[in-house]
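Naming convention: chains lettered A, B, ... in sequence-line order (proteins, then strands); numbering from 1 in each chain. As the structure is a prediction and not an experimental result, all values here were calculated from the model.
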Amino acid sequence: YLPILGLPEFRANASRIALGDDSPAIKENRIGSVQSLGGTGALRIGAEFLRRWYNGNNNTATPVYISAPSWENHNSVFVDAGFKDIRTYHYWDAAKRGLDLQGLLGDMEKAPEFSIFILHACAHNPTGTDPTPDQWKQIAAVMKRRFLFPFFDSAYQGFASGSLDKDAWAVRYFVSEGFELFCAQSFSKNFGLYNERVGNLTVVGKDADNVQRVLSQMEKIVRTTWSNPPSQGARIVATTLSSPQLFAEWKDNVKTMADRVLLMRSELRSRLESLGTPGTWNHITEQIGMFSFTGLNPKQVEYMIKEKHIYLMASGRINMCGLTTKNLDYVAKSIHEAVTKIQ
Amino acid sequence: SSWWSHVEMGPPDPILGVTEAFKRDTNSKKMNLGVGAYRDDNGKPYVLSCVRKAEAMIASKKMDKEYLPIAGLVDFTRASAELALGENSEAFKSSRYVTVQGISGTGSLRIGANFLQRFFKSSRDVYLPKPSWGNHTPIFRDAGLQLQAYRYYDPKTCSLDFSGAMDDISKIPEKSIILLHACAHNPTGVDPRQEQWKEIAALVKKRNLLVYFDMAYQGFASGDINRDAWAVRYFIEQGINLVLSQSYAKNMGLYGERAGAFTVICSDAEEAKRVESQLKILIRPMYSNPPLNGARIASIILNTPDLREEWLTEVKGMANRIISMRTQLVSNLKKEGSSHNWQHITDQIGMFCFTGLKPEQVERLIKEFSIYMTKDGRISVAGVTSGNVGYLAHAIHQVTK
């Protein structure tokens, strides 16, 4: 059996990846880690802890804010963890196909103090639209002023831009601004370890004593959920992150994956523009990460599925990774057909 | 100031905390009889050779790491159901069951507990035997259910309080949930005999109770997987549509791989499909889908005839070593000159033995002899070897004479 909180070498390395080697929080020994079953498991443990301990001993009524839209499972995680007041915050502006910053900041201003906000660290799922550093600074300023709790979901570190550090910028900025926060990390995508269920909940607190008590309570939650986590995937990640050669090789692998996605984005966009597909398609290359919010409406999506055998979400979200040099033409033509035939 | 200033320090886990204390001890004679993990006669963890073979097969195939379905690896869940129910089981053959992969025993219990909390509206009460595995209570509580108890262990005889159990069970309100240990009761090692199981089955049927079997030691108790599953199979044959959690941590030595399963016996295959859909809805917001490695190993072993045979032999070997340690402990206690009756040590079955030692005696064993066990006097016989059984007997005699 691994210890309840997981493999120590995995936990320390995983948190270091998120927070950075030179993180003040690590230097000041005020971080904690809980090895979890994927990003989902990390979110769930964090949610269960917050419901029990965040603002007093019963947070069932504490508002939890999830972006509109977000990964659908976010809602279920917090509902099943016992939160009764789950709200959305403005995020995606469908008209301009970008971030609705004013709406987002407005919701944060109006949110009750001490509300919990689920933030996507990078490569927002499903929109692929992230705040710029400057926008993150504005978000952080409001959250600090209104005592809002940042719960980061980091499922794509390295995968979004190809750079681990760049993709962790927002989390690290919040830490440097003195926030206490949670960061649910997944190694499913950036390590390709999907079915090994490798995740980590990083906890940043004010000091070591607080973090220690938090971890002791997280242990109790883990013990009744899965007792202790699976060892194999954690060992793979720990070994890789603690070996200079393997670490370099991994960063290179991650960049390769990210670059292929970027290539598919630019290739898809250029084909749609060449075809003269109605609308603007720059959002395909401006969005980041695995997904693209194409802007296709449900009827157009149905056409894609039924007539063209191209499967995507009803929201119009496509997984760019499903594109290859061999199917780009077919997909571009199909999108063109869907947009021109169906309104 | 911090959000967490008011967070209390949680107590160390009573069972896993024992191992942590053991690790810190520098006494060369120290013994860890706390957590239920099997050790060979050299006190070392034992990776089964059938497991190594399965691992080699997996490595050579260079399979991908794509997500499993939410309900887990199908070859694993099917083989798991067949292992528990028996290949001739009518319930198995007619597919009137659903088995989902769970995170070893704990995860499977928790899925079941959450499922009952959401869908078993007749009662919020789960009746546990007194005593039960320490983690049962917080699992069901965190799932939103309430805990009650029925008499089970008789400390005077260190055996089953059958009349007390029957008396208490007869008073359980109808349609409550009753948890039973399928074999190798944890922590006492005291199991009902087959005739007693028959009476329990008739009674729970009469009281219309929802039966939840926890089977964490199939094969490990008697050495025979069919014998250890007898109670589960008998209950189903009596028309009791039970729920069941299984673990492969001990019987396949897959501890850290977290291989387990949760099964619901249903009225028919159609109901099983509906139940499965709801189990998936519970699992998705917990961890999305289960880890593959342990399930794949278990599946290969169960589904490959020679590996399965090899496994059965190895499980029997582990069970036999434990039985022999029980015998040696009793004879060593006699040699030490102990006048107490230690028959319960050989009467009890499975990994654990409820020694009957009191908390003060346990504390002395820990402090004076570096012999670690849980406060309730439970020892993991798997941690006893021919090399240290003498020391253990000596120590027990010292604190009980």
Determine, for A:Arg52 against B:Asp142, whether the closest basic-nitrogen to carboxylate-oxygen distance falls under 4.0 angstrom. yes
Only one of A:Arg30, A:Glu180, A:Lys206 passes side-chain hydrogen bond (donor to acceptor under 3.5 Å, both in side chains) with B:Ser2, and that residue is A:Glu180
Within the supplied structure, the quantity of interest is the number of heavy atoms (other residues, nucleotides, ligands) at a distance under 6.0 Å from B:Lys375 NZ; does it exceed 12? no
Inspect the surroundings of NZ in B:Lys44 and state if more than 12 heavy atoms from other residues, nucleotides or ligands are less than 6.0 Å away. no
Pairwise side-chain contact, B:Lys65 with A:Ser188, heavy-atom cut-off 4.5 Å (strictly under): no
For the CD1 atom of B:Ile139 and the OG atom of A:Ser227, what is their distance to the nearest 0.5 Å? 6.5 Å
Got a donor-acceptor contact below 3.5 angstrom from the A:Arg44 side chain to the B:Pro285 backbone? yes
What distance do B:Met9 atom CE and A:Gln212 atom CD have between them, rounded to the nearest 0.5 Å? 4.0 Å
At a heavy-atom distance under 4.5 Å, which candidate from A:Thr225, A:Ile4, A:Asn195, A:Val198 has the highest pair count against chain B? A:Asn195
Is it the case that over 12 heavy atoms from other parts of the model lie below 6.0 angstrom from the CZ atom of A:Arg87? yes
Donor-acceptor pair, distance only, cut-off 3.5 Å: does the side chain of B:Glu257 make one with the backbone of A:Gln232? no
Verify, without hydrogens or angle tests, whether A:Asp80 (side chain) and B:Met286 (backbone) share a donor-acceptor contact under 3.5 angstrom. no
Do other residues, nucleotides or ligands put more than 12 heavy atoms under 6.0 Å from the CZ atom of A:Arg146? yes
Working to the nearest 0.5 Å, report the span between CG of A:Asn210 and OG of B:Ser1. 8.5 Å
Looking at chain B, which one of A:Val77, A:Asn57, A:Asn75, A:Val211 has the largest number of heavy-atom pairs inside 4.5 Å, strictly under? A:Val77
Taken to the nearest 0.5 Å, the spacing of A:Ser76 OG from B:Leu282 CG works out to 10.5 Å
Heavy-atom distances under 4.5 Å only: say whether B:Pro45 touches chain A with side chain, backbone, both or neither. neither
Counting only heavy atoms closer than 4.5 Å, note whether B:Leu254 contacts chain A via side chain, backbone, both or neither. neither
On the 0 to 90° scale, with breaks at 30° and 60°, tag the B:Trp4-A:Phe182 ring pair as parallel, tilted or perpendicular. parallel
Quick check against the 3.5 Å criterion: does A:Arg213 have a side-chain atom that pairs as donor or acceptor with the backbone of B:Val7? yes
For residues A:Asn228 and B:Tyr255, report the shortest heavy-atom separation together with the two atoms involved. OD1-O, 4.4 Å
Any heavy-atom pair between the side chains of B:Asn135 and A:Thr224 that's under 4.5 Å? yes
Pick whichever of B:Gly105, B:Pro291, B:Gly294 has the most heavy-atom pairs under 4.5 Å with chain A. B:Pro291
From A:Leu193 atom CG to B:Tyr67 atom OH, the distance as rounded to the nearest 0.5 Å: 10.5 Å
Report the C-alpha distance between A:Arg197 and B:Ser288 in whole Å, list the side-chain angles of each, state the deciding distance to 0.1 Å, and finish with yes or no for side chain to side chain contact (heavy atoms under 4.5 Å, CB included). CA-CA 9 Å; A:Arg197 314 312 293 124; B:Ser288 277; 3.5 Å; yes
Approximate separation, where rounding is to 0.5 Å, of A:Tyr194 OH and B:Asn289 CG: 12.0 Å
Students often mix this up, so state it plainly: with edges at 30° and 60°, are the rings of A:Trp53 and B:His6 parallel, tilted or perpendicular? tilted
Looking only at heavy atoms, the pair that brings B:Tyr287 and A:Leu37 closest together is CB-CB, 3.5 Å
Assert top hit (heavy-atom pairs under 4.5 Å, partner chain B, pool A:Ser231, A:Pro230, A:Gly205, A:Gly233) equals A:Pro230
Options B:His136, B:Arg118, B:Glu20, ranked by heavy-atom pairs under 4.5 Å with chain A, top entry: B:Arg118
